[in-house]
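Everything quoted here is computed from the prediction, not taken from an experiment. Note that ligands are numbered from 1 as they come in the structure, with each ligand's atoms numbered from 1 the same way.
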Amino acid sequence: MKLYAISDLHVNRAPNWEALQALPPHLDDWLIVAGDVSESEAQFAAAMGLLSQRFARVLWTPGNHDLWAHPNSPAQARGIFKYNRLVSICRAYGVLTPEDPYPVWPGADGQAYVIAPIFTLYDYSFRPAEVAADEAVAWAAETNIVSTDEYYLFPDPFASRQAWCAARCRYTEGRLQSLNGDQALVLAGHFPLRQDLVQLYRIPRFSIWCGTRLTEEWHRRFPVKAVVHGHLHIRARHERDGVTFHEVSLGYPHQWQAARGVAGYLRQVLPGEG
Ligand SMILES: [Fe+2]
Ligand SMILES: [Fe+2]
């Protein structure tokens, strides 16, 4: 029995969807899907339906692409309303979300783990100290970098994505604080929890759309064994303070090798290296 993770499946790209359909069943294993499944609700539902058939348990947390809405769409199709619709789709397939009780992974090494899918978003705080918060987008735009989220990721009913992010962090912190402090945790979100994990050599100023400093110390404040994230499309494994941080993106078709299939990109999170 294993706990695997993958993110950034981006199944609106035909090669990604075809490769996902070819993924063999893992009927004893669990899978974390750490966001960016698809902008389309229909494709999102198809992917969740497929994965829920192939794994014993699937956990999902939203990525920015999952939350996109057309600029002409009504407020009820945006922001937390779109998020809630995706949560409903997940529940129809038995997929657990950041709104559900955190399951306990029984483990194979005698240790049980609480697996917490978390949704924390970003607030432009992954920026240098000399750049003011309200100048962060202009600062990134100086190098011709503007995330498409600026046009498609709406915060309704919050006034801003920063406000939504702050609310999500308060909610998530409250839930983590209410857990039994003796139980080991795996945190799984789309966005990196720490700025020092965002190493984007070609587009460094994209960092402002990657996370929030509000989560910088969560791996030390809570009994965290491992953290899963995606979003960067740069697969990696980092250690911070004895905690393993896994970047588990599949990414766009040019970022993975078809010969390996999706199975070649499933990251084993548990059992860990001990
Ligand atoms: Fe992505
Ligand atoms: Fe993303």
Side-chain angles (χ1 to χ4, degrees), residues 5-20 31-41 43-44 46-48 51 59-69 78-80 82-83 86-87 90 97-98 117-127 136-137 140 145-155 161-162 164-165 168-169 172 187-195 197-212 215 227-236 238 245-257 262 265-267:
I6 197 162
S7 72
D8 299 80
L9 291 169
H10 290 287
V11 298
N12 63 323
R13 308 295 179 105
N16 290 33
W17 175 233
E18 286 159 19
L20 189 66
L31 179 69
I32 293 164
V33 181
D36 278 4
V37 175
S38 178
E39 297 80 5
S40 144
E41 278 182 41
Q43 289 174 349
F44 177 86
M48 287 303 159
L51 289 170
L59 302 95
W60 166 80
T61 179
N64 50 313
H65 283 251
D66 302 313
L67 299 170
W68 281 8
R78 302 175 173 192
I80 70 165
K82 173 141 195 205
Y83 173 56
L86 299 178
V87 168
C90 286
T97 76
I118 61 171
F119 170 32
T120 52
L121 204 57
Y122 57 79
D123 62 3
Y124 308 118
S125 59
F126 285 179
R127 64 180 193 273
V137 174
I145 297 165
V146 178
S147 169
T148 313
D149 289 359
E150 294 295 319
Y151 308 102
Y152 289 97
L153 208 179
F154 299 95
R161 272 167 277 147
Q162 298 95 304
W164 192 7
C165 169
R168 288 303 315 183
C169 288
T172 309
L187 299 180
H190 183 64
F191 302 94
L193 294 190
R194 294 175 55 84
Q195 187 170 359
L197 300 171
V198 182
Q199 297 162 2
L200 302 167
Y201 300 106
R202 286 174 41 234
I203 49 168
R205 296 188 184 189
F206 189 79
S207 63
I208 63 170
W209 290 282
C210 290
T212 169
T215 60
V227 182
V228 169
H229 70 266
H231 190 56
L232 305 180
H233 292 205
I234 302 171
R235 289 176 292 278
H238 297 285
F245 289 76
H246 297 272
E247 207 289 1
V248 298
S249 291
L250 180 69
Y252 299 128
H254 70 277
Q255 295 171 319
W256 57 276
Q257 297 168 26
V262 171
Y265 295 94
L266 295 180
R267 182 76 54 89

**Study point:** Cut-off under 2.8 Å, centre the Fe ion (ligand 2), protein N/O/S atoms
**Key:** Asp36 OD2, Asn64 OD1, His190 NE2, His231 ND1

Check your understanding: Given side chains that start at C-beta, do those of Arg267 and Val228 come closer than 4.5 Å, heavy atoms only?
Key -> no

Exercise for review: State plainly whether the residues Arg161 and Glu150 are in salt-bridge range, i.e. N to O under 4.0 Å.
Suggested key: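 Result for this pair is yes, salt bridge flagged.
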
Review point. Does Thr215 reach the main-chain N or O of Thr212 with its side chain, forming a donor-acceptor pair under 3.5 Å?
Key: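 Judged by distance alone, yes, a pair lies under 3.5 Å.
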
Review point. Under the 3.5 angstrom rule, does the side chain of Asp8 hit a backbone N or O of Leu250 as a donor-acceptor pair?
Key: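 Not confirmed, Asp8 side chain does not pair with Leu250 backbone.
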
Review point. How is the N/O/S atom of His10 that comes nearest to the Fe ion (ligand 1) named?
Key: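 Among the N, O or S atoms of His10, the one closest to the Fe ion (ligand 1) is NE2.
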
Practice item. Please confirm whether Arg235 makes a cation-pi placement over Tyr265, using NZ or CZ under 6.0 Å from the six-membered ring centre and within 45° of the ring normal. Key: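 Ring-cation test returns no.
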
Check your understanding: Among Asn64, Asp66, Thr61, which residue meets the side-chain hydrogen bond (donor to acceptor under 3.5 Å, both in side chains) test with His190?
Key -> Asn64

